[in-house]
2 protein chains.
Amino acid sequence: MIPKNKKSATIYDVAELSGVSIATISRVLNAPEKVNSETRARVFKAIDDLAFVPKAEARARALRHTGRIGVITPFFTAPSFVQRLRGLAGALSKERYELVIYTVESTDQLINYLSSLPITGNLDGLVIMSLSIGEEDARRLLEHNLPTVLIEYPHPTLSSVEIDDAAGGRMAAEYLIAKGHRRIAFLGDTDTAEYSIHPISQRLVGFRQALLDAHIPLPEEFVRLAPYTQDQTRQVASDLLRISSPPTAIFAATDFQALGVLKAARQLGVHVPEQLAVIGFDDLDLAEYVDLTTVRQYLDESGRLAIEILLSRIADPSRPAQHIHIPLDIVERATA
Amino acid sequence: MIPKNKKSATIYDVAELSGVSIATISRVLNAPEKVNSETRARVFKAIDDLAFVPKAEARARALRHTGRIGVITPFFTAPSFVQRLRGLAGALSKERYELVIYTVESTDQLINYLSSLPITGNLDGLVIMSLSIGEEDARRLLEHNLPTVLIEYPHPTLSSVEIDDAAGGRMAAEYLIAKGHRRIAFLGDTDTAEYSIHPISQRLVGFRQALLDAHIPLPEEFVRLAPYTQDQTRQVASDLLRISSPPTAIFAATDFQALGVLKAARQLGVHVPEQLAVIGFDDLDLAEYVDLTTVRQYLDESGRLAIEILLSRIADPSRPAQHIHIPLDIVERATA
DNA sequence: TAGTTTTATGAAAGCACTTTCATTGTATAC
DNA sequence: GTATACAATGAAAGTGCTTTCATAAAACTA
């Protein structure tokens, strides 16, 4: 009860007060089920009385790991980040690891994290999600032995979970072509944050190539970009639908933007899919809710896999870097 | 230079490489003037070559400069959790705090977190989201001086951000009544996880009361519950819409379930809002995409506020517990 | 009732450092 | 040329924790 006005309590003080050995105290803290419930109660009482808090540093030293996995992610602006994160969290909750989130909203922030996290040694592993990193950063991660896996950004020496966006763009185009469309437009976003990657560009590349291969023209007015907001996307889609000879199909580079297209169509009285086919990309949860046909990229799975690779790397650091490609496929629903 | 592909370097490795004892390494780091300059140079060289970082110090320093805030949250099954979390993360990213996420999927897990985090969590503050906690837990949090704020669950001695779900239910009912509806149904979920709170019940209470006050009957067949999945909600809504005299309006207890209702209506060729008004609850991002009229509860804001309270509590622990009520309002869009 | 398994505990050996103390070899004083 | 003060270093003892291993007691099994 009386706070020791000396130094803060240690495990030895608790052991003495509760009349057991320090080993038992440690067990109460880390594996309570292994100690008799009466003893446990006594120990907890002592812990409370002494306001004992185990020192994290000593603990980490003895354990030789911290039990913490970090995730650097762009701030949750896009739903896809959240869904990947969900995959990460789900995979981790079965393991004895804490999940520490670092959201980045500026290049400075990213640089900061990337330079401090590897050297503070507070993490057993790191996942870097949908963010691009430099050579210097990669070298530092490697040098300080912080096992890392990247999602959506390939790197030769670090493990990664990669998505072939160009292939996805191609799939979308081929799907629409197979459905008989010949006037197919693209709607992407204008995100330009230098720290973030821009998979949309690759989706356009693949899309373009597929049309070229099929000898279908892609007039420049069929390629539109809008800021990543519902309203502006709707506006741009609306413009696109009102040109003199509008497309019969639109490939929206993300499901989120597909919703804007759908809304524009609704407002203009354009029937989907009869008058306009719409295909998205991502297969967010909400794609299912609104029956959106889309290119599925298994977002949750990407997170799950990242953790899987990371944990195997932590278990055996000598393992070589792995590069996993997640396949894409088309989910045919009601809009195309 | 050659990165030891084993664990990261310790003071012993440096000692070996530079041919001195570990005591000298320690001195170079902590009291360089006590070491011969040639030796010092050799040691620094070795430190560089091995990319050695004294762990204890690095950790201690890191811990001194950045605090850690924990969030206990139900696993990201419902979008509303994610949106509150987004509010939390957004508010925190401007501060020097790490965000540690603890997702709970079972009562055991929750109990575990609640009993271990105040002691071994090394946290500066804790947010408990949409989860119910016992007296014992609250006492422990208080006793171990872990500043805590609850979201969606009131408690006399802990701070909280509260939502008046009953009032929300009432608002929804009153809105529909004002629109002239007299046959109004309720569709909620059947979530029964004992660790989680169930705001839906309160929404129903308020809804019921408002109908009673307005002398509008609520036949039992107008109160439906469905498991919290898109498909089952749609099914239940479908059944509801096919009874002999179906409702002209449905209050879905969450936006997510409102989507199921909307889908059922679409499939049955029931026009919204002409033949059926639908109002949701939450104002999720997706409510806007689908133009859903709903009771808005400022989810992001709830997270932001929780952090605000928490940080002020951390800054000045003597502050009394705060209880903030977030007002609700109706967002009128296209479905009711 | 002896034999076996299980449960609960403690002793002691780490872990990555810091610090004290003893031991060198040298520079300085007389 | 001897006594003395330093300077530079290492051996070893702490630090606060976890974990392995051994053991005693209790609980089953045959």
Side-chain angles (χ1 to χ4, degrees), chain A residues 4 6-47 50-68 96-98 118-124 144-146 314-315 317, chain B residues 4 6-44 46-47 50-64 116 119-122:
Chain A
K4 274 203 165 183
K6 274 282 191 179
K7 287 288 164 190
S8 59
T10 74
I11 203 172
Y12 290 90
D13 302 323
V14 180
E16 196 181 341
L17 184 58
S18 47
V20 295
S21 76
I22 60 162
T24 299
I25 310 298
S26 179
R27 272 188 286 257
V28 168
L29 261 18
N30 301 297
E33 74 284 356
K34 286 188 186 165
V35 8
N36 179 288
S37 57
E38 282 170 41
T39 318
R40 201 192 310 154
R42 255 198 354 269
V43 170
F44 271 127
K45 171 88 166 57
I47 288 178
L50 296 170
F52 167 68
V53 175
K55 274 109 206 113
E57 196 274 306
R59 178 156 204 271
R61 171 157 35 96
L63 281 171
R64 274 156 316 151
H65 68 265
T66 61
R68 314 184 340 126
R96 286 191 57 148
Y97 282 102
E98 284 182 353
I119 66 167
T120 54
N122 272 321
L123 254 26
D124 292 335
H144 291 278
N145 300 301
L146 179 59
I314 291 173
Chain B
K4 273 203 162 181
K6 273 286 185 183
K7 284 291 163 187
S8 54
T10 73
I11 204 172
Y12 290 89
D13 301 321
V14 181
E16 194 180 343
L17 185 58
S18 46
V20 295
S21 77
I22 59 162
T24 299
I25 310 299
S26 181
R27 274 189 283 261
V28 167
L29 262 18
N30 301 298
E33 74 284 356
K34 289 187 184 166
V35 175
N36 177 289
S37 59
E38 280 171 40
T39 317
R40 204 192 309 157
R42 255 198 356 270
V43 170
F44 273 129
I47 287 178
L50 295 170
F52 167 72
V53 175
K55 288 185 183 175
E57 201 205 347
R59 272 198 276 260
R61 216 199 15 229
L63 290 185
R64 192 154 309 124
S116 66
I119 303 179
T120 56
N122 266 128

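Values below: every heavy atom of this structure, side chains too, minus hydrogens, waters and symmetry copies. No experiment lies behind these values; they were computed from the predicted model shown. Quick note on labels: first sequence line is chain A, next is B, and so on, each numbered from 1.
- Residues satisfying the side chain to side chain contact (heavy atoms under 4.5 Å, CB included) test with Leu17(A), not counting sequence neighbours, are Ala46(A), Asp49(A), Leu50(A).
- Taking Asn122(B) as the reference, Ala56(A), Arg68(B) meet the side chain to side chain contact (heavy atoms under 4.5 Å, CB included) condition, with sequence neighbours excluded.
- Between the CD1 atom of Ile119(A) and the CZ atom of Phe52(B) there is a distance of 12.5 Å, given to the nearest 0.5 Å.
- Residues forming a side chain to side chain contact (heavy atoms under 4.5 Å, CB included) with Arg42(B) (at least two apart in sequence, or on another chain): Val20(B), Thr39(B).
- Of all the heavy atoms in Lys55(A) and Ala9(A), the pair that sits closest is NZ-O, 3.0 Å.
- The OH-P distance, from Tyr12(A) to dT15(D), rounds to 8 Å in whole Å.
- Using a 4.0 Å heavy-atom cutoff across all strands shown, Thr10(A) reaches sugar-phosphate atoms only and no base atom.
- Among the heavy atoms of the strands lying under 4.0 Å from Val53(B) are primed sugar atoms or P, OP1, OP2 only; no base atom is included.
- Rounded to an integer number of Å, the gap from CD1 of Ile25(A) to C1' of dT19(D) is 15 Å.
- The footprint of chain A on DNA chain C, defined by a heavy-atom cutoff below 4.0 Å, extends from dA8(C) to dA16(C).
- In this structure, Ser18(B) OG and Ile47(B) CD1 are separated by 7.5 Å, a value rounded to the nearest 0.5 Å.
- Atom C1' of nucleotide dG16(D) and atom CG of Leu50(A) are separated by 15 Å, given to the nearest angstrom.
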With sugar-phosphate taken as primed atoms, P, OP1 and OP2 and all else as base, the protein-contact string of nucleotides 4-10 of chain D at under 4.0 Å (heavy atoms; B, S, -) is ----SBB
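- The minimum heavy-atom distance linking Leu146(A) with Leu123(A) is given by the pair CD1-O, 3.5 Å.
- For residues 23-35 of chain B, the side chain to side chain donor-acceptor pair (under 3.5 Å) pairs, not counting sequence neighbours, are Ser26(B)-Asn30(B).
- Under the salt bridge (charged side-chain N to carboxylate O under 4.0 Å, His left out) criterion, Arg61(A) pairs with Glu57(A), not counting sequence neighbours.
- Within the 4.0 angstrom heavy-atom criterion, base atoms lie near Arg61(A).
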Could you list the protein-to-nucleotides 22-25 of chain D atom pairs, N/O on both sides, closer than 3.5 Å?
none

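- Stem analysis of DNA chain C (at least three stacked-register Watson-Crick or G-U pairs, each with both distances under 3.5 Å) gives C:1-30 with D:1-30.
- By the side chain to side chain contact (heavy atoms under 4.5 Å, CB included) test, Ile22(A) pairs with Ile11(A), Tyr12(A), Ala15(A), sequence neighbours left out.
- Scanning for side-chain hydrogen bond (donor to acceptor under 3.5 Å, both in side chains) contacts around Asp124(A) gives Thr66(A), with sequence neighbours left out.
- The shortest distance between side-chain heavy atoms of Pro54(A) and Leu29(A) falls below 4.5 Å.
- Shortest non-hydrogen contact noted between Gly121(A) and Arg59(B) is O-NH1, 3.1 Å.
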